[in-house]
Each structure stands twice: as structure tokens, then as C-alpha cells.
> 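My questions all concern the structure below.
Numbered from 1 within each chain, the chains take letters A, B, ... in sequence-line order. It should be emphasised that the depicted structure is a prediction, and the values quoted were computed from it without experimental measurement. Heavy atoms only: backbone and side chains are in, while hydrogens, waters and symmetry mates are out.
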Amino acid sequence: MPAKPKESRVQEQRRQVLEAVRAVPPGQVAGYGEIARRAGLPGRARLVARILSAGDEPGLPWHRVLRSDGRIAFPPDSPAFAEQVQRLRAEGVRVEGGRVRGQRAAPSLDEMLWSPPGGPR
DNA sequence: ATATTGACCCGGA
DNA sequence: CTCCGGGCCAATA
């Protein structure tokens with residue numbers, strides 16, 4: 001007789017995503033798609049967004065997750081937007097016009113292949 | 001059961 | 001820069 005139905009698929013994926021989000025160090029950012037990839041779920045940026053929208057997991061650095069173009073995922077006039085900007089700035093991230101400057105949320109293929117030594121400049 | 005909704009992504013026009 | 005269209009898929013209606 002089947003005991004525990006293991007861990008449901010969604011729950012396992014959820015765990016993976018949360019892990020990937022926690023892995024983003026302070027002062028750095030990552031795109032939803034980027035997180036999905038790191039979690040072993042390529043092409044599933046939406047799943048990442050949905051999981052974060054749940055709002056559980058205390059202490060999760062959700063504010064380090066942005067859109068691939070470096071923009072905050074909330075409407076500019078929303079409270080959540082303001083909070084995310086504030087949290088990012090508190091970590092030394094430069095945010096201008098609802099967009100993070102100074103680093104890339106989703107590195108382009110070119111960047112990854114060329115990866116200029118010494119970093120972009 | 002089908003339909004709509006998202007803290008999304010990406011290439012092309 | 002914007003707009004468009006396809007891909008993605010769990011949750012909600």
C-alpha cells in the first residue's frame with residue numbers, strides 16, 4: 001500500500017526555485033528566467049514568478065529577482081515596487097527609473113561566450 | 001471539464 | 001525605444 005506519495009512534483013520544483021533564489025548573494029541580482037535555469041527548470045520563469053508571488057518563505061531575498069531587462073517586476077506606483085527598490089539600494093545596488101544599473105539580470109549569450117576578462121567596462 | 005490569469009522571456013519588426 | 005506573437009504552466013474562476 002502506497003504510503004507517502006513522495007514529494008509532489010510542484011513542491012519539489014518549488015523547493016529548487018527557493019534554493020536558487022537564496023543562492024543570490026547580497027548586492028547582486030538575477031532574472032526570473034535565470035533563477036529558473038539555475039533551479040534546473042529552463043523556460044519556466046513564470047513558475048518562479050508564481051512561487052515568489054505566494055509570499056511565503058521568510059527571509060527569502062525575493063527583492064534580488066528582476067525581469068530579464070533589469071526592470072522591477074511590479075508596477076512603478078505599487079507599494080511592492082517601492083519596497084524592492086529600497087531593499088536593493090540598502091544592499092548597494094544602483095536603481096534608476098525602476099531599473100537596476102551596474103549589472104545584468106540575464107546575461108546575453110554573447111556575454112557568456114565572450115566573457116571579456118576583467119569584466120565589462 | 002474549459003477559460004483566464006499571471007512578480008516572465010525572447011526574437012523579430 | 002515599443003509592439004507583437006509564441007512559449008511556458010500552476011492556480012483560479
> Please state how far atom CZ in A/R71 lies from atom P in B/dC8, giving the value in whole angstrom units.
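That distance rounds to 12 Å.
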
> Find the distance A/E34:CD to B/dA7:C1' and express it as a whole number of Å.
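Spelled out: CD on A/E34 to C1' on B/dA7 is 17 Å.
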
> From the set B/dC8, C/dA10, B/dA7, return the single nucleotide nearest to any side-chain atom of A/V10.
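For A/V10, the side-chain atoms sit closest to C/dA10.
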
> Measure CD/A/Q11 against P/C/dA11 and give the value in whole Å, please.
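The distance from CD of A/Q11 to P of C/dA11 comes to 10 Å, rounded to the nearest Å.
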
> Rounded to whole angstrom units, what separation is found between the CZ atom of A/R87 and the P atom of B/dA7?
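For the pair A/R87 CZ and B/dA7 P, the rounded distance is 18 Å.
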
> Would you say the side-chain atoms of A/R64 pair up with the backbone N or O of A/V24, donor to acceptor, closer than 3.5 Å?
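Yes.
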
> Taking only side-chain N and O atoms of A/S68, does any of them lie within less than 4.0 angstrom of OP1 or OP2 on B/dC10?
yes

> Does C/dA10 have its OP1 or OP2 closer than 4.0 Å to a side-chain nitrogen or oxygen of A/R9?
yes

> Atom CG of A/L47 to atom C1' of B/dT5: distance rounded to whole Å?
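Value for this atom pair: 15 Å.
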
> Please tell me whether A/Q86 and A/H63 have a donor and an acceptor in their side chains that are separated by less than 3.5 angstrom.
no

> Under 4.0 Å: is that the gap between some side-chain N or O of A/R44 and OP1 or OP2 of C/dG7?
no

> Nearest-Å distance, CD1 (A/I35) to P (B/dC9)?
11 Å

> Has A/R46 got a side-chain N or O lying under 4.0 Å from the OP1 or OP2 atom of B/dG6?
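No.
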
> Taking atom P of C/dT12 as reference, at what distance in whole Å does atom CD1 of A/I51 sit?
13 Å

> Would you mind classifying the nucleic acid contact of A/R64 as base, sugar-phosphate or nothing, using non-hydrogen atoms under 4.0 angstrom?
nothing

> Any chance you could measure A/L66, atom CG, to A/E34, atom CD, to the nearest 0.5 Å?
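It is 11.0 Å, given to the nearest 0.5 Å.
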
> Mind checking whether A/V100 and A/R94 have side chains closer than 4.5 Å, heavy atoms only?
no

> Starting from C1' on B/dC8, measure out to CD on A/Q13 and report it in whole angstrom.
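It is 16 Å, rounded to the nearest whole Å.
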
> Report the C-alpha separation of A/W62 and A/Q84 in whole Å, then their side-chain angles, then the decisive distance to 0.1 Å, and conclude whether the side-chain contact (heavy atoms from CB on, under 4.5 Å) test is met.
CA-CA 8 Å; A/W62 56 269; A/Q84 184 163 14; 3.9 Å; yes

> Among the candidates C/dA11, B/dC8, C/dC1, find the nucleotide nearest to the side-chain atoms of A/A45.
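Looking only at heavy atoms from C-beta outward on A/A45, the closest nucleotide is B/dC8.
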
